[in-house]
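A quick note: this is a predicted structure, and the numbers were derived from the prediction, not measured. All heavy atoms count here, side chains included; hydrogens, waters and symmetry mates do not.
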Amino acid sequence: MTSWTEELTRARLHVVSGKGGTGKTTVAAALALALATGGRRVLLVEVEGRQGIAQLFDRAPLPYSEERIASAPGSGEVHALAVDAEAALLEYLAMFYNLGFAGRTLRKMGAIEFATTLAPGLRDVLLTGKVKECVNRTGPDGRHVYDAVVLDAPPTGRVVKFLDVTKAMADLAKVGPIKGQSEGVVRLLHSGDTAVHLVALLEEMPVRETLDAVAELDGADLRPGAVLVNRVQPTRLPARSVPVAAEGRVDESRVLAGLRSAGLDLDEFTLEGLVDETVEHAVRVQSQQEAKELLGESDLPTLELPDLTDGVDVAALYELAEVLVAAGVR
């Protein structure tokens with residue numbers, strides 16, 4: 001496992017993506033807690049309408065407003081926001097065109113759905129635009145309201161299109177607030193202030209999709225951050241024993257002798273089951289090692305998070321955050 005870098009520490013927007021099923025929302029929440037540790041203020045944002053953050057923190061569905069959802073060690077705070085495209089459009093109309101009342105009328109007429117259907121990229125512009133506003137927002141003292149923003153982004157298959165669609169919209173909108181808004185988002189997402197982290201499992205398909213995403217991010221001039229390897233299972237065999245056991249060559253007599261020396265006397269059926277589990281474990285360890293070697297091709301900082309056998313609850317999020325802090329996340 002490598003450590004968080006100084007370059008990543010300087011980022012203010014941390015985009016978290018990953019293949020479906022890798023636990024990217026869980027990792028995004030743990031990352032927000034880790035970044036808030038030590039007295040910092042962090043905003044955790046979701047844009048897919050799944051209310052995944054509320055479920056993780058065992059809360060009611062989040063409204064379209066920033067809510068404090070957790071404390072972090074050292075007096076840190078994590079706030080959360082579920083960005084809704086329709087609400088973002090109404091906010092946008094009120095902010096740039098002074099159309100607050102007219103915007104609400106448009107919503108009743110179905111014009112918002114019409115607009116986002118006519119220009120599909122508009123929805124992502126609204127979502128990323130709101131994220132940019134949160135990242136850049138300052139208080140009366142001129143300091144940023146949030147020390148960092150963590151975005152639970154779409155999966156790797158869609159994340160580059162989601163992040164880069166604003167560039168296309170900037171090309172389409174030649175003048176006016178939409179152009180300025182789009183260009184501002186482009187500057188943020190393509191700057192050193194943004195890092196796109198990828199959540200992976202030590203399995204062939206998630207690893208290959210992660211490597212594809214790294215190449216796609218590089219091609220779009222978006223900065224890959226760290227690879228966050230989730231659900232890593234511990235190795236319970238000596239390294240020299242793994243290849244032999246993975247081939248099914250486990251000496252039952254030696255296992256039995258070792259158990260008896262520890263005061264355990266198992267029947268034949270239980271012993272066979274234990275040997276089978278040993279072989280399965282060795283195969284899994286070998287597979288994880290191969291996936292690690294493949295993942296090394298990304299040449300990115302790689303942080304490992306343990307497999308939580310009891311499931312994920314709020315306490316587990318803090319446990320994962322501690323692992324990230326120990327790896328240098330700050």
Side-chain angles (χ1 to χ4, degrees), residues 1-5 7-35 42 44-48 50 52-53 56 124 127-128 131 148-165 188-232 287-288 290-307 312 317 320-321 323-324 327-329:
M1 181 171 73
T2 53
S3 298
W4 200 252
T5 65
E7 188 179 16
L8 294 178
T9 298
R10 290 192 293 271
R12 299 198 60 256
L13 173 58
H14 298 267
V15 180
V16 179
S17 183
K19 179 178 170 60
T22 57
K24 70 177 180 65
T25 300
T26 297
V27 173
L31 178 60
L33 283 168
L35 289 168
V42 175
L44 176 59
V45 182
E46 68 175 7
V47 292
E48 295 184 278
R50 297 185 295 107
I53 294 173
L56 274 177
D124 290 344
L127 298 175
T128 52
V131 172
V149 174
V150 178
L151 171 60
D152 179 17
T156 45
R158 294 193 290 113
V159 70
V160 170
K161 183 178 180 182
F162 171 77
L163 294 174
D164 214 32
V165 70
L188 171 64
L189 294 180
H190 292 265
S191 75
D193 285 335
T194 299
V196 185
H197 309 298
L198 300 168
V199 181
L201 302 179
L202 290 179
E203 300 171 5
E204 184 178 3
M205 287 303 294
V207 166
R208 291 199 179 279
E209 187 158 328
T210 298
L211 294 175
D212 289 344
V214 170
E216 198 174 355
L217 288 165
D218 283 335
D221 194 29
L222 293 162
R223 184 163 67 111
V227 177
L228 303 168
V229 184
N230 197 19
R231 301 176 196 154
V232 177
S287 176
Q288 284 194 163
E290 291 171 356
K292 281 185 185 181
E293 292 172 3
L294 185 60
L295 203 52
E297 295 178 10
S298 70
D299 199 29
L300 295 175
T302 303
L303 283 65
E304 296 182 1
L305 292 166
D307 185 28
V312 178
L317 292 176
L320 294 174
V323 174
L324 292 173
V329 173

(Q) Under the criterion side-chain contact (heavy atoms from CB on, under 4.5 Å), I'd like the reasoning laid out for Glu209 against Leu198: C-alpha separation, chi angles, the key distance, then a yes or no. (A) CA-CA 10 Å; Glu209 187 158 328; Leu198 300 168; over 6 Å; no
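When all heavy atoms are compared, the tightest approach of Ala30 to Ala321 is O-CB, 3.5 Å. For the residue pair Ala28 and Val150, the shortest heavy atom distance occurs at O-CG1, 3.6 Å. Heavy-atom minimum distance, Val329 versus Ala34: CG1-CB, 3.8 Å. Considering every non-hydrogen atom in both Val159 and Pro154, the closest pair reads CB-O, 3.7 Å. The two residues Val16 and Lys24 have their closest heavy-atom pair at CG1-O, 3.7 Å. Contact detail for Leu8 and Pro301: the closest heavy-atom pair is CD1-CG, 4.2 Å.
The shortest side-chain heavy-atom distance between Asp218 and Pro224 falls under the 4.5 Å cut-off. Proximity of Thr26 to Leu56: side-chain heavy atoms (C-beta onward) are separated by under 4.5 Å at one or more points. When side chains are defined from C-beta on, Leu189 counts as touching Leu13, because their heavy atoms get closer than 4.5 Å. Counting only heavy atoms from C-beta outward, the side chains of Thr194 and Arg223 never approach each other to under 4.5 Å.
Between the side chain of Glu304 and the backbone N or O of Val232, no donor-acceptor pair lies under 3.5 Å. For Ser298 (side chain) and Leu295 (main-chain N/O), a donor-acceptor pair under 3.5 Å exists by modelled atom type.
With rounding to the nearest 0.5 Å, the separation of CG in Leu151 from CG in Leu163 is 7.5 Å. Taken to the nearest 0.5 Å, the CG atom of Leu294 stands 7.5 Å off from the CD atom of Glu204. For the atom pair Asp212 CG and Leu217 CG, the distance stands at 11.0 Å (nearest 0.5 Å). Taken to the nearest 0.5 Å, the CZ atom of Arg208 stands 11.5 Å off from the OG1 atom of Thr210. If you take CG on Asp152 and OG on Ser17, they are separated by 8.5 Å, rounding to the nearest 0.5 Å. In this structure, the separation between CD on Gln288 and CZ on Arg231 is 12.5 Å, given to the nearest 0.5 Å.
Between Trp4 and His197, the angle of the ring planes lies from 30° to 60°, which puts this pair in the tilted group.
Between Lys19 and Glu203 there is no salt bridge, since none of the side-chain N atoms of the basic residue sits less than 4.0 Å from a carboxylate O of the acidic one.
Under the 3.5 Å distance criterion, with hydrogens and angles disregarded, no donor-acceptor pair is assigned to the side chains of Thr22 and Asn230.
The neighbour count for Arg12 CZ, taken as heavy atoms of other residues, nucleotides or ligands under 6.0 Å away, is above 12.
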